[in-house]
Amino acid sequence: MRLALAEADRAVPTGDVPVGAVVLSPDGTVLAVGRNEREATGDPTAHAEVLALRRAAARTGEWRLTGCTLVVTLEPCVMCAGALVQSRVERVVFGALDEKAGAAGSLWDLVRDRRLNHRPEVIQGVLGEECAAQLTAFFRTR
């Protein structure tokens with residue numbers, strides 16, 4: 001999570017919301033990182049999770065990220081939760097809850113919906129206060 005927090009800090013200079021993500025291989029090595037880049041790129045899908053998943057898939061040469069873990073500073077939104085399910089990650093670990101758009105337990109629980117063919121394990125609240133503080137500090141300056 002500390003690596004994800006550091007990646008989130010890198011989003012701030014471009015005006016992007018500081019969210020960072022890391023994809024870990026089944027053995028725990030870092031496969032890829034991502035940070036929000038919507039403002040930097042003008043791409044509405046350039047969320048930290050999506051970018052990290054794309055990079056991990058490119059690195060492994062597989063769209064299925066079986067056994068991998070996604071670590072992200074903020075609870076995934078619906079788009080990112082869908083990408084997690086589709087990429088077959090084994091687990092998602094996140095820090096801060098997103099009560100306005102969260103899709104891993106707060107507002108929705110897409111990742112654990114029994115109607116889907118894949119449901120990753122969800123671990124929430126890892127360094128949650130630190131992750132939330134990073135976001136609060138960003139929005140206070142806006």
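As the structure is a computational prediction, the values presented were derived from the model and not from experiment.
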Query raised in the report: Can Thr69 and Arg91 be said to form a side-chain hydrogen bond (donor to acceptor under 3.5 Å, both in side chains), step by step?
Result: CA-CA 5 Å; Thr69 299; Arg91 82 186 47 81; 2.7 Å; yes
Query - Non-hydrogen side-chain atoms of Lys100 and Asp98 separated by less than 4.5 Å - result: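 Result yes, sub-4.5 Å side-chain heavy-atom pair found.
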Query raised in the report: Would you say Leu3 and Val71 make side-chain contact, with heavy atoms under 4.5 Å?
Result: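 Leu3 vs Val71: side chains apart.
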Query raised in the report: Given the rule in the side-chain contact (heavy atoms from CB on, under 4.5 Å) test, do Gln134 and Asp9 qualify, once you have shown the distances and angles that lead to the verdict?
Result: CA-CA 8 Å; Gln134 184 182 49; Asp9 277 336; 2.8 Å; yes
Interatomic distance, [X] atom [atom1] to [Y] atom [atom2] [nearest 0.5 angstrom]:
X      : Y     : atom1 : atom2 : result
Glu49  : Ser87 : CD    : OG    : 11.0 Å
His47  : Arg38 : NE2   : CZ    : 4.0 Å
Leu84  : Met79 : CG    : CE    : 10.5 Å
Leu51  : Thr41 : CG    : OG1   : 7.5 Å
Leu107 : Cys77 : CG    : SG    : 11.5 Å
Cys68  : Leu53 : SG    : CG    : 9.0 Å

Side-chain heavy atoms under 4.5 angstrom apart, residues restricted to Ile, Leu, Val, Met, Phe, Trp, Tyr: same cluster for [X] and [Y]?
X      : Y      : value
Leu110 : Val72  : yes
Met1   : Ile123 : yes
Val85  : Leu65  : yes
Val126 : Leu74  : no
Val92  : Leu97  : yes

**Report entry** Steps toward side-chain contact (heavy atoms from CB on, under 4.5 Å) verdict (Val30, Leu24)
**Finding:** CA-CA 5 Å; Val30 174; Leu24 302 172; 3.9 Å; yes
For [X] and [Y], work out which heavy atoms get closest and say how close.
X     : Y      : result
Ala52 : Ala21  : CB-CB, 4.0 Å
Arg59 : Leu31  : NH1-O, 3.1 Å
Gly15 : Phe138 : O-CZ, 3.7 Å
Ala96 : Cys131 : N-CB, 3.8 Å
Thr73 : Leu5   : CG2-N, 3.7 Å
Ala56 : Val23  : CB-CG1, 3.7 Å

Query raised in the report: Would Val111 and Trp108 satisfy side-chain contact (heavy atoms from CB on, under 4.5 Å), going step by step from the backbone distance to the final call?
Result: CA-CA 9 Å; Val111 295; Trp108 296 286; over 6 Å; no
Requested in this report: Decide, yes or no, whether a salt bridge links Arg54 with Glu37 under the criterion of side-chain N to carboxylate O below 4.0 Å.
Outcome: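 Between Glu37 and Arg54 there is no salt bridge, as every charged N stays at least 4.0 Å from the carboxylate O atoms.
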Query - Heavy-atom donor-acceptor pair, Arg88 side chain to Gln86 backbone, under 3.5 Å - result: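 Checking the backbone N and O of Gln86 against the side chain of Arg88, a donor-acceptor pair under 3.5 Å is found.
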Report task. Determine yes or no for a side-chain-to-main-chain donor-acceptor pair under 3.5 angstrom, with Asn36 supplying the side chain and Ala48 the backbone. Result ->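 Checking the backbone N and O of Ala48 against the side chain of Asn36, a donor-acceptor pair under 3.5 Å is found.
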Report task. Start with the C-alpha distance between Val17 and Leu135, add both sets of side-chain angles, then the distance that settles side-chain contact (heavy atoms from CB on, under 4.5 Å), and finish with yes or no. Result -> CA-CA 7 Å; Val17 176; Leu135 289 159; 3.6 Å; yes
Query raised in the report: How would you list all residue pairs meeting side-chain hydrogen bond (donor to acceptor under 3.5 Å, both in side chains) that involve residues 11-29, not counting sequence neighbours?
Result: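 Sorted pair list: Thr14-Asp16, Ser25-Asp27, Ser25-Thr29, Asp27-Thr29.
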